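Read the structure below first, then the notes.
Quick caveat, the model's predicted, so the values are computed rather than measured. Within every chain, numbering begins at 1; the chains are lettered A, B, ... in the order of the sequence lines, protein sequences first and strands thereafter.
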Amino acid sequence: MQRIEELLTSTIIRAAQELWQTELNESVIQIQKTRKEFNGDLTLVVFPLVRIAKKSPEETAAMLGKFLDENLEEISGFNVIKGFLNLTIAASYWLKQIGAIDEDDRYGLTTAGEDAPTVMVEYSSPNTNKPLHLGHVRNNLLGFSISKILEANGNKVIKVNLVNDRGIHICKSMIAWQLFGNGETPESSGKKGDQLVGEYYVKFDQEYKKQVAELIAEGKETKEAEAAAPIMAGAREMLLKWEADDPEVRKLWERMNGWVYDGFDKTYNRMGVSFDKIYYESETYKLGRQLVLKGVKKGFLEREADGSVWADLTDKKLDRKLLLRSDGTSVYMTQDVGTAHQRFSEYPIEQHIYVVGNEQNYHFQVLALVLEKLGFDWHDKLYHLSYGMVELPEGKMKSREGTVVDADELMDEMIATARQMSDELGKLGEYSEEEKQNIYRQIGLGALKYFILKVDPKKNMLFDPKESIDFNGNTGPFIQYTYARIRSVLRTAGEYDSGIPGVVLNDKEIDVIRLVHGFPAIVKEAAREHNPAVVANYMYDLAKEFNQFYHDHSILNADDANTRLFRIHLSAIVGRIIEKGMELLGIEVPERM
RNA sequence: GGUUCCGUAGCUCAGCUGGAUAGAGCAACAGCCUUCUAAGCUGUAGGUCGAAGGUUCGAAUCCUUCCGGAAUCACCA
């Protein structure tokens with residue numbers, strides 16, 4: 001089925017040939033939705049054509065309107081206001097559209113075939129020294145959703161997680177556990193593994209501060225005291241032992257990381273995100289060094305007298321960037337060069353998306369340039385999906401000041417709020433505790449996910465935990481509610497004939513159909529822009545439009561049998577689009593709520 | 001100082017590949033449950049789209065400058 005916009009465009013080009021003997025460039029044809037206050041469905045902006053037609057805007061519009069009306073059965077009428085040609089689309093066209101959508105179980109989306117392009121999406125990428133917090137929540141939701149959206153556009157998506165499991169930070173937790181742990185384990189304490197390890201990370205910091213304060217009291221300078229604190233020295237020693245493959249340290253490291261992974265798995269499961277492959281920095285941190293050395297040999301990079309290696313990016317208006325230390329070891333950038341190279345060798349990657357906070361904008365800018373300097377032709381296939389910070393009313397999250405919002409606690413609170421709201425509204429009285437639990441979970445998480453995903457990723461966003469998250473208005477629960485309502489109608493309707501009868505459509509119905517019709521284009525746009533918020537805000541528009549329709553027109557008690565059938569059918573289709581759209585956001589929809 | 005991003009209603013956000021009178025939600029006020037779920041619907045009020053120039057028939061949208069805010073610019077990761 002040809003989309004009406006394409007049909008109009010080709011017909012307008014034909015009209016220009018016949019009326020003005022001109023070959024029109026497609027770019028001058030601007031078709032948009034007609035504004036509410038005017039009659040019509042689609043509007044052609046004729047200003048760009050005025051010069052070609054050599055007529056006034058009104059005359060130009062009238063000529064085109066007449067031509068389209070006569071040549072296209074899909075156009076049932078038109079009117080001209082200034083330079084705007086408002087076209088009314090025939091009901092038969094909308095009915096055909098709705099029929100086509102109904103028959104297509106992919107709703108106009110594509111699925112990945114054998115030769116589909118491969119997209120790798122790296123997201124989450126936590127450190128193993130503390131539990132996931134609000135910032136990770138935004139990261140995980142964005143990464144998962146953009147993966148779904150890319151899949152819906154016919155890409156083969158590989159979701160990967162690069163876990164930062166090595167370095168001084170995990171050694172800090174380890175040494176604190178050795179000193180104060182008394183053998184505590186997740187099993188013995190009943191604590192979640194990541195929470196437990198996180199506690200020792202905090203203990204390290206407290207002890208470290210205490211020792212520094214003591215040393216300063218003894219008369220040492222701040223810097224001197226920081227360097228001399230025994231617990232820090234212990235952590236550094238542990239890191240050296242780790243790098244030297246000391247069996248004791250490695251064993252403890254594996255044990256504590258194992259606890260953390262158990263904890264992370266629980267959180268990921270609950271959040272509903274998943275990965276196809278997990279990379280560990282302990283296995284990849286040496287990558288990249290050889291590539292850099294090769295780059296030096298070829299003269300792409302510079303080696304200083306002390307042995308350190310640098311990339312000179314001053315010609316790109318950036319400064320010089322270190323790639324190898326004077327002792328020959330790698331830095332973060334070097335690892336990223338290495339892991340990217342490894343991944344592009346392993347998979348036929350068309351695009352590699354990194355979901356990473358905007359504090360690393362500079363890093364990814366440099367990464368792409370370094371890869372280009374090293375001569376990799378895939379350097380332009382990296383995309384940094386950069387997202388802004390989640391700010392709290394008090395300002396930024398600071399782990400040291402205890403203002404971090406823990407991901408698990410946040411989900412608990414959201415679900416508890418959903419329960420409270422539900423009870424206040426007197427819903428779900430007759431359901432079993434188990435059913436209720438599941439619905440509260442769906443609503444609570446739906447609220448959280450939607451709240452975060454509806455905001456443009458690149459913007460910083462404000463999150464107020466005290467006021468909790470709204471369950472009214474532009475929210476996940478509102479969309480879920482619309483879905484539950486539709487399901488309820490369908491349950492009441494029972495079996496119905498799924499043919500599309502010929503009916504007279506009212507304005508609201510056309511609005512709903514038009515939105516449904518626009519779904520694939522929205523998903524495509526979301527993929528192009530790497531922005532799930534496009535889908536999220538569309539879902540709200542659709543739900544709102546349907547709610548208005550629901551309020552204004554009876555579905556089951558429609559005036560005649562055909563209208564009733566049609567409305568049931570339309571409701572069912574809206575329900576399926578909501579289901580699909582929310583799936584792209586990683587949000588579940590409840591049958592009732 | 002360099003680089004990147006943001007600035008739209010009291011608050012949280014849409015709208016940005018230029019189009020008609022800039023939209024939602026929250027908060028405020030006024031209505032609507034004997035009819036398919038009121039987590040809903042309707043209405044009122046609320047705006048110099050940070051500022052000034054420029055391009056254009058037309059600018060919240062594009063360009064320039066400025067103002068305000070954020071991030072980043074380690075032989076850290």
Side-chain angles (χ1 to χ4, degrees), chain A residues 27 30 32 34-35 37-38 43 45-48 50-51 57 81-84 86 127 164 166-169 281 285 304 306-310 316-319 321-333 335-336 357-366 386 388-389 391 396 418 421-422 424-425 427 443 447 451 454-456 458-464 467 469-482 484-493 525 528 533-534 536-538 540-541 543-544 547-548 550-558 564 567-568 571 592-593:
Chain A
S27 63
Q30 294 179 41
Q32 57 193 269
T34 303
R35 291 181 69 99
E37 54 275 25
F38 301 103
T43 294
V45 183
V46 297
F47 289 110
V50 168
R51 228 174 266 163
I81 294 173
K82 293 195 284 182
F84 299 93
N86 301 320
N127 291 345
N164 185 0
R166 63 166 283 279
I168 192 76
H169 54 84
E281 274 198 18
Y285 79 107
E304 294 274 287
D306 64 2
S308 58
V309 176
W310 300 77
K316 308 276 185 189
K317 285 169 57 171
L318 298 173
D319 40 20
K321 186 75 196 170
L322 179 83
L323 291 174
L324 290 178
R325 298 188 186 97
S326 48
D327 64 5
T329 55
S330 298
V331 293
Y332 186 41
M333 183 65 68
Q335 290 178 48
D336 263 5
N358 63 9
E359 70 271 15
Q360 298 205 28
N361 284 355
Y362 179 73
H363 174 82
F364 282 100
Q365 207 183 338
V366 171
S386 164
M389 303 211 152
E391 285 164 8
K396 273 182 239 162
M421 290 283 294
S422 197
E424 274 171 22
L425 291 166
K427 303 245 178 186
I443 297 170
F451 185 86
K454 75 170 178 189
V455 181
D456 185 342
K458 68 173 178 284
K459 289 188 177 179
N460 289 357
M461 63 178 291
L462 187 82
F463 183 88
D464 191 342
E467 290 188 12
I469 292 177
D470 280 334
F471 284 66
N472 303 316
N474 185 357
T475 65
F478 172 81
I479 300 164
Q480 290 173 318
Y481 174 74
T482 307
R485 222 177 199 183
I486 288 170
R487 299 303 300 169
S488 173
V489 168
L490 295 177
R491 275 194 299 273
T492 311
E525 187 189 336
R528 194 179 55 236
V534 172
N537 286 298
Y538 164 85
Y540 176 67
D541 286 345
K544 189 171 169 60
N547 265 299
Q548 289 171 354
Y550 179 94
H551 182 261
D552 293 346
H553 307 283
S554 177
I555 294 170
L556 297 173
N557 300 311
R564 179 188 141 98
R567 287 180 180 169
I568 293 171
S571 304
R592 50 200 100 207
M593 66 183 273

Residue pair F38(A) / I81(A), side-chain heavy-atom distance below 4.5 Å: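 Contact flag for F38(A)/I81(A) side chains = yes.
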
Is it true that a side-chain atom of K321(A) and a backbone atom of V366(A) form a donor plus acceptor pair closer than 3.5 Å?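 A pair under 3.5 Å: no.
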
Counting N and O atoms only, with roles assigned by atom type, does the side chain of N537(A) sit under 3.5 Å from a partner on the main chain of K454(A), one being a donor and the other an acceptor?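 Yes, because the side chain of N537(A) sits within donor-acceptor range (under 3.5 Å) of the backbone of K454(A).
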
Assign [X] to base, sugar-phosphate, or nothing according to its heavy-atom contacts below 4.0 angstrom with the strands shown.
X	value
V331(A)	sugar-phosphate
T329(A)	nothing
Q480(A)	nothing
N86(A)	base

How are the rings of H363(A) and Y332(A) set to each other: parallel, tilted or perpendicular (split at 30° and 60°)?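 Rings of H363(A) and Y332(A): parallel, as their planes differ by under 30°.
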
Grab the [atom1]-[atom2] distance between [X] and [N] for me, whole Å please.
X	N	atom1	atom2	value
F364(A)	C73(B)	CZ	P	14 Å
D327(A)	C75(B)	CG	P	12 Å
Q365(A)	C5(B)	CD	C1'	11 Å
K316(A)	U4(B)	NZ	C1'	17 Å
E359(A)	U3(B)	CD	P	21 Å

N/O contacts under 3.5 Å, protein versus nucleotides 12-15 of chain B?
unit_1	atom_1	unit_2	atom_2	d
C13(B)	OP1	L462(A)	N	2.7
A14(B)	OP1	D456(A)	N	2.4
A14(B)	OP2	K459(A)	NZ	2.9

Would you say the ring centroid of F471(A) lies under 6.0 angstrom from that of Y481(A)?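 Not close enough - the centres of the two rings lie 6.0 Å or further apart.
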
When the nearest nucleotide of RNA chain B is assigned to Y362(A) and to T34(A) on a heavy-atom basis, which residue is associated with the more 5' position?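 The 5'-side residue here is T34(A).
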
Quick one: stems for RNA chain B, with Watson-Crick or G-U pairs under 3.5 Å, at least three in a row?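 Runs of three or more consecutive pairs: B:1-7 with B:67-73, B:10-13 with B:23-26, B:28-32 with B:40-44, B:50-54 with B:62-66.
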
Quick one: what's the B/S/- string for nucleotides 32-44 of chain B, heavy-atom cutoff under 4.0 Å, read 5' to 3'? ---SBBSBSSS--

In this structure, are over 12 heavy atoms from other groups packed under 6.0 Å from R51(A) atom CZ?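 Incorrect, the count does not exceed 12.
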
side-chain hydrogen bond (donor to acceptor under 3.5 Å, both in side chains) between D470(A) and T475(A): does it pass, once the steps are laid out? CA-CA 7 Å; D470(A) 280 334; T475(A) 65; over 6 Å; no

